[in-house]
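I have placed the structure first, in the form of structure tokens, so that the comments after it can refer back to it.
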Amino acid sequence: MEKNLGIKAEPDSVYDAIYRKAVPYLDTRHNDVHISLSFEFARRLLDLYPEADEKIVFPAVILHDVGWKMVPEERQLKAFGPGAKDKKTQRFHETEGVRIAEKILTGLNYDREKIYEILAIIDGHDTRKEALSLNDQLVKDADKLWRFTPAGVDIDHARFGIQRDSYTKWLDTMIDDWLFTPEANKMAHAALAEAKRISGAEKI
Ligand SMILES: [Fe+2]
Ligand SMILES: [Fe+2]
């Protein structure tokens, strides 16, 4: 099975180039699936917020989780999800993400000012609960939204060891907490309704 879904960026665009550099870091924790889905949510949000800067939002979405590649897989599950206790490792994936993203963006001669803003967003994308800007709000929303999709629900309920029905019920309670923009809130409800409609049993 082709595991890497890729992103729907223009071939040979700068986002495509960033993504190709990120790919070796995304083959862990289902981050390849996560990033392809979150990239699409980012595109939809950017269409609704033309005042946001896609040159910040797209690279931040593509690169925000590259730091997980530096965490051994057996340690990852203690550092994210409903039972996350290992706050040190959670923070480590952010700081490693900043380091790797800076290397990738600098290597592509990306605009220096934009690199600063992208790195500030990546640094704290999970541990900082407030958003720094509209760009950051859209990154945070795109990051969370994939969890509500059928693919996100299937992956997460299994790896967290929570029954699918209980997991979708819990997700419902997190929508207002996690999402910043009203549009993302609506997208989360729509995606979760779809995930509930397609039950795990139907898919087998
Ligand atoms: Fe993360
Ligand atoms: Fe993420």
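Ligands are counted one by one from 1 in listed order, and the atoms in each one are counted from 1 as well.
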Please assess Asp126 against Arg91 for the test salt bridge (Lys or Arg N to Asp or Glu O under 4.0 Å), listing each intermediate value before the final yes or no. CA-CA 8 Å; Asp126 283 319; Arg91 178 68 190 131; over 6 Å; no
Indicate the ring-plane relationship of Phe39 and Phe58, choosing parallel, tilted or perpendicular according to the 30° and 60° boundaries. parallel
Check the orientation of His93 and Trp68. Use parallel for under 30°, tilted for 30 to 60°, and perpendicular for over 60°. parallel
Test log, rule ring pair (Phe, Tyr, Trp, His ring centres under 6.0 Å), inputs Phe41 and Phe148: CA-CA 11 Å; Phe41 281 116; Phe148 299 92; 8.8 Å; no
Should the pair Lys114-Glu102 be classified as a salt bridge under the 4.0 Å nitrogen-to-oxygen rule? no
Fit a plane to each ring of Trp146 and His34, take the angle between them on a 0 to 90° scale, and name the class: parallel (under 30°), tilted (30 to 60°) or perpendicular (over 60°). parallel
What protein N/O/S atoms lie closer than 2.8 Å to the Fe ion (ligand 1)? Asp65 OD1, His93 NE2, His125 NE2, Asp126 OD2
